[in-house]
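The structure appears below as structure tokens.
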Amino acid sequence: MTQPTTAAHENAPTSADKSAKSAEERGSSRRPGPRRGWDVRTLSLLGVLAVLVAVGGITAPDEFLATSNLQLVLTQASVIGVVTVGMTFVITSGGIDLSVGAIVALASVWATTVATQEFGFAGILFTALIVGVGCGLVNGLLIAYGRMVPFIATLAMLASARGLALQITDGSTQIVSVASVLDLGARDSYVLGIPPLVLIFAAVTVVGWLVLNRTTFGRRTVAVGGNAEAARLAGIDVRRQRLYLYLLSGLCCGIAAFMLIVLAGSGQNTNGNLYELDAIAAAIIGGTLLSGGRGTIVGSVLGVLVFTTITNIFALNNLETAVQQIAKGAIIVAAVLVQRRSPHGDT
């Protein structure tokens, strides 16, 4: 007689799921509907990207539309794209991470020291990942349990990581001599014409999308960003969630650092310069609210592709960097205005 009741309980949502959903509902009154608003933002970015591709095809048809150039654009987008995925989670939770570029630099130089390279491919990969996660752990502890403002904590990490990276390299470039690492960047390693770094970026993007949109962790992230107090009252451990998010951001930086090592064949203390600004800008124009409570991995990826395509077009046409920066700024403003004018826009 009690079996139907037991089965019902087994199929019922867990208390954690209920808490996350409840907190998300309480903190999401200012967020747009998930479908229509998302479509407007995505279509807007796709339209911008299509226009840029058309401009590139018209101004430099032979170079821009060449397979090798398209592979280059995707490869360059992959490194900053992985960082942007982690940044999207952090911003969705209402936080910010200004240290991502410096963490990429520190992880890349620490992973390319002579001592590390003695352990081969595994040693370089492990070091890059563990340094990234370690920096994320420090950020997370300072913010979640030390109650520091994310802006200040990550700014301190930015300065510290850059300084440590400079100290390790003494200002010189550390050349990678491990053949198995360098082979990943060679054309012979392409899979059906797709560079391995692009495949890594695609995998990180898919996993990031699934985690943000299909798991309790993602719902908790949105809930904390929408209304941290409501999330706490619903039973979510807000401090632990924030710690996990900065660990995730650090992990993405470690992955990006390894990808940069493969791409450049070296480690430098100048790696990752201004990555924090590019990642934040890509996430924002993609539709992630800077105030938290809403995030989109697809939009962030499109934002990265837009910026990378702009850079490529300007380089092919030998245009000044200053004009390029102005164009990026104009696109950021236009994207935000489109979001505000969308049926559910509320940025």
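Every heavy atom of this structure was used, including side-chain atoms; hydrogens, water molecules and symmetry mates were not. By convention here, the first residue in the shown sequence is residue 1. Please read all numbers here as calculations on a predicted model, not as lab measurements.
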Considering only heavy atoms from C-beta outward, does the side chain of Leu106 approach that of Ile168 to under 4.5 Å?
yes
Phe89 ring center within less than 6.0 Å of Tyr246 ring center
no
Are Thr88 and Ser300 linked by a side-chain donor-acceptor pair shorter than 3.5 Å?
yes
Closest heavy-atom contact between Ser78 and Val198?
OG-CA, 3.4 Å
For Gln76, side-chain hydrogen bond (donor to acceptor under 3.5 Å, both in side chains) partners two or more places apart
none
Minimum heavy-atom separation for Ile236 to Arg220, with atom names?
CD1-CG, 3.9 Å
Indicate yes or no for a side-chain donor-acceptor contact from Gln241 to the backbone of Val224 under 3.5 Å, with no hydrogens or angles considered.
no
Between Thr59 and Asn317, does any side-chain donor sit less than 3.5 Å from a side-chain acceptor?
yes
If you count the non-hydrogen atoms of other residues, nucleotides and ligands that lie under 6.0 Å from CD in Gln325, is the total more than 12?
yes
Is a side-chain N or O of Glu63 found less than 3.5 angstrom from the main chain of Ile313, in a donor-acceptor match?
no
Can you confirm whether Leu248 sits close enough to Val85 that some side-chain heavy atom of one is under 4.5 Å from a side-chain heavy atom of the other?
no
Indicate yes or no: at least one non-hydrogen side-chain atom of Phe201 is less than 4.5 angstrom from one of Thr205.
yes
Quick one: does Ile261's side chain get under 4.5 Å of Ser266's, heavy atoms only?
no
Should Phe64 and Val53 count as side-chain neighbours, where that means a heavy-atom distance under 4.5 Å?
yes
For Thr173, enumerate each residue passing the side-chain hydrogen bond (donor to acceptor under 3.5 Å, both in side chains) test, keeping only those at least two apart in sequence or located in another chain.
none
Is there a donor-acceptor contact under 3.5 Å from the side chain of Gln71 to the main chain of Ala66?
no
Less than 4.5 Å apart, side chain to side chain, heavy atoms only: is that true for Val83 and Cys252?
no
Is the shortest heavy-atom distance from the side chain of Leu125 to the side chain of Phe119 under 4.5 Å?
no
Do Ser99 and Asn139 have side-chain N/O donor and acceptor atoms under 3.5 Å apart?
yes
If you round to the nearest 0.5 Å, how far is CG of Asp278 from OG1 of Thr311?
7.5 Å
Kindly say whether Ser177 contributes a backbone atom to a donor-acceptor pair with the side chain of Gln117 at under 3.5 angstrom?
yes
Does a donor on one side chain sit under 3.5 Å from an acceptor on the other, for Asp183 and Ser189?
no
Heavy-atom count around Phe126 CZ within 6.0 Å, excluding the residue itself: above 12?
no
Less than 3.5 Å apart, any donor N or O on the side chain of Asn271 or Ser108 sitting next to an acceptor on the other?
yes
About how many Å separate CG of Leu302 and OG1 of Thr296, when rounded to the nearest 0.5 Å?
8.0 Å
d(Leu184 CG, Leu199 CG) to nearest 0.5 Å is 10.5 Å
I'd like to check Ile152 versus Val149 (side-chain heavy atoms, cut-off strictly below 4.5 Å). Are they in contact?
yes
Does Tyr145 have any ring-ring contact (aromatic ring centres under 6.0 Å, His included) partners at least two apart in sequence or in another chain, and if so, which?
none
Looking only at non-hydrogen atoms, find the nearest pair between Ala128 and Ala111 and report the distance.
N-CB, 3.9 Å
Mark yes or no for whether Asp170, through its side chain, and Ser172, through its backbone, hold a donor-acceptor pair below 3.5 Å.
no
Check the pair Tyr275, Val79 against side-chain contact (heavy atoms from CB on, under 4.5 Å), reporting the backbone distance first and the verdict last.
CA-CA 10 Å; Tyr275 271 20; Val79 180; 3.6 Å; yes
Expected output: side-chain Asn213 to main-chain Trp209 donor-acceptor under 3.5 Å
yes
Inter-residue atom distance Asp97.CG - Ile280.CD1, 0.5 Å rounding
8.0 Å
Interatomic spacing from CE in Met157 to OG1 in Thr154 - rounded to 0.5 Å
9.0 Å
Using 0.5 Å steps for rounding, measure from the OG1 atom of Thr221 to the CZ atom of Arg242.
11.0 Å
Criterion side chain to side chain donor-acceptor pair (under 3.5 Å) against Gln174, the qualifying member of Thr112, Thr116, Thr169:
Thr112
